[in-house]
Amino acid sequence: MNVIETALPGVLIIEPNVFGDSRGFFLESYQATRYQKLGIDLPFVQDNHSRSARGVLRGLHFQVTKPQGKLVRVVSGEILDVVVDFQPGSETFGRYEAVVLSAENHRQLYVPPGYAHGFAVISESADFLYKCTDYYDPSDEAGIIWNDPLVNVAWPFSEPLLSEKDRHWPTLEQYVESLS
Ligand SMILES: Cc1cn([C@H]2C[C@H](O)[C@@H](COP(=O)(O)OP(=O)(O)O[C@H]3O[C@H](C)C(=O)[C@H](O)[C@H]3O)O2)c(=O)[nH]c1=O
C-alpha cells in the first residue's frame with residue numbers, strides 16, 4: 001500500500017495493493033489494523049454509496065457538531081474529489097486539495113472530520129462509495145458554495161448539475177461571518 005500525504009493535515013491519498021490475475025483483480029479496501037497505523041483510527045459507523053451522472057457536482061458539505069471522517073473511493077467511473085479547510089484560524093484555511101479518484105486508479109482518499117467535502121463527475125457515470133466515522137444527521141449539515149471565490153476550486157466544468165440544496169450554500173466568508 002502506498003500513502004501520499006497532502007497539504008491539508010490528515011488528508012491522505014491511499015493506493016491499496018491491487019492483486020491482478022487472469023480473472024481480474026482483488027484489493028482490500030479497508031483493514032482496521034493497517035489503516036489505524038496511518039492515523040485512520042476513528043471507528044467507521046456508516047457506509048454510503050451514491051451514483052452520479054457526468055457533470056454532477058455534490059458538495060461542499062460538512063456536519064457541524066457531528067463532523068464525519070470519510071474514507072472515499074470510486075468503483076465505477078472517474079471523479080475529481082475535493083477537500084476544503086473551512087476552519088477559521090487554521091494554517092490551511094481556505095485551501096483545498098483535489099484528487100482524481102477512479103475505478104482505474106483504485107485510489108482512496110481519507111478526509112478527517114472537520115473538512116468540507118465534495119466531488120465532480122468526469123466520466124459518463126460514477127459510483128462513489130465511502131465509510132463515515134459518524135452518522136448522517138441532516139439537521140447538522142452545512143456547506144460552502146461549490147464555486148466559492150476565496151477557495152476557487154479548479155472544477156472540471158463551470159455549469160455543474162447541482163441539487164437545489166447545493167445551489168444555495170453560503171460562501172466561505174459568509175459562513176465564517178455567521179459564526180461570530
Ligand atoms: C448523505 C446522506 C444522504 N441521505 C439521503 C438524503 C437524501 O434523501 C438523499 C440525497 O442526499 P444528499 O443530496 O445530501 O446527498 P449528497 O449530495 O451525496 O451528500 C453527500 O455529498 C458529499 C459528497 C458528502 O461528502 C456527504 O457525505 C454528503 O453530504 O440521500 C441519507 O439517507 N444518508 C446520508 O448519509
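Counting starts at 1 for both ligands and their atoms, following the listed order. Because only heavy atoms are used, hydrogens play no part in the values below, and waters and symmetry mates are left out as well, while side chains stay in.
- Annotation: atom 20 (C) of ligand 1 to nearest protein heavy atom, H61 ND1, 3.5 Å.
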Side chains of residues 59-69: which donor-acceptor partners sit under 3.5 Å, not counting sequence neighbours?
unit_1, atom_1, unit_2, atom_2, d
H61, NE2, G59, N, 3.4
H61, NE2, D166, OD1, 2.5
H61, NE2, D166, OD2, 3.3
Q63, OE1, D137, N, 2.8
Q63, NE2, K66, O, 3.0
Q63, NE2, Y135, O, 3.0
T65, OG1, D140, OD1, 2.8
T65, OG1, D140, OD2, 3.3
K66, NZ, D137, OD2, 2.3
Q68, NE2, D134, O, 2.9

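- Counting protein heavy atoms under 4.0 angstrom from atom 4 (N) of ligand 1 gives one or more.
- Counting only residues at least two apart or on different chains, the salt bridge (Lys or Arg N to Asp or Glu O under 4.0 Å) pairs with a member in residues 98-115 are E15-R107.
- Listed by atom number, the atoms of ligand 1 under 4.0 Å from Q46 heavy atoms are 34 (C), 35 (O).
- Within the 4.0 Å cut-off (strictly below), no protein heavy atom is located near atom 10 (C) of ligand 1.
- A heavy-atom distance below 4.5 Å is found between the side chains of Y115 and D85.
- With ring centers used as reference points, F119 lies under 6.0 Å from F128.
- The N/O atoms of D166, backbone and side chain alike, include none that comes under 3.5 Å of an N/O atom in ligand 1.
- The contact set between ligand 1 and F119, taken as ligand atoms under 4.0 Å from a residue heavy atom, comprises 23 (C).
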Any chance you could lay out the side-chain hydrogen bond (donor to acceptor under 3.5 Å, both in side chains) test for S125 and R51, step after step, and finish with the verdict? CA-CA 7 Å; S125 172; R51 174 174 294 169; 4.5 Å; no
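- Under 4.0 angstrom from ligand 1, there are no non-hydrogen atoms of F128.
- In this structure, P9 and P112 approach most closely via the heavy-atom pair O-CG, 4.1 Å.
- Contact atoms of ligand 1 toward N48: 35 (O) (distance under 4.0 Å to a heavy atom of the residue).
- For the residues K165, K70, R58, the heavy atom positioned nearest atom 24 (C) of ligand 1 is part of K70.
- The aromatic rings of F44 and Y30 lie perpendicular to each other, with more than 60° between the two planes, well past the 30° mark.
- In this structure, atom 14 (O) of ligand 1 has a protein heavy-atom contact shorter than 4.0 Å.
- Taking a cut-off of under 4.0 Å to the non-hydrogen atoms of E141, the atoms of ligand 1 that pass are 29 (O).
- The protein atom (non-hydrogen) at minimum distance from atom 34 (C) of ligand 1 is Y136 CG, 3.2 Å.
- Residue nearest to atom 25 (O) of ligand 1, selected from H117, E164, Q68: H117 (by heavy-atom distance).
- In this structure, atom 7 (C) of ligand 1 has no protein heavy-atom contact shorter than 4.0 Å.
- E5 CD: 12 or fewer foreign heavy atoms inside a 6.0 Å radius.
- Checked against a 6.0 Å centroid threshold, the rings of F25 and H106 count as neighbours.
- Atom 27 (O) of ligand 1 has as its closest protein heavy atom Y130 OH, 2.6 Å.
- The shortest non-hydrogen separation linking G77 to V74 is O-CG1, 3.3 Å.
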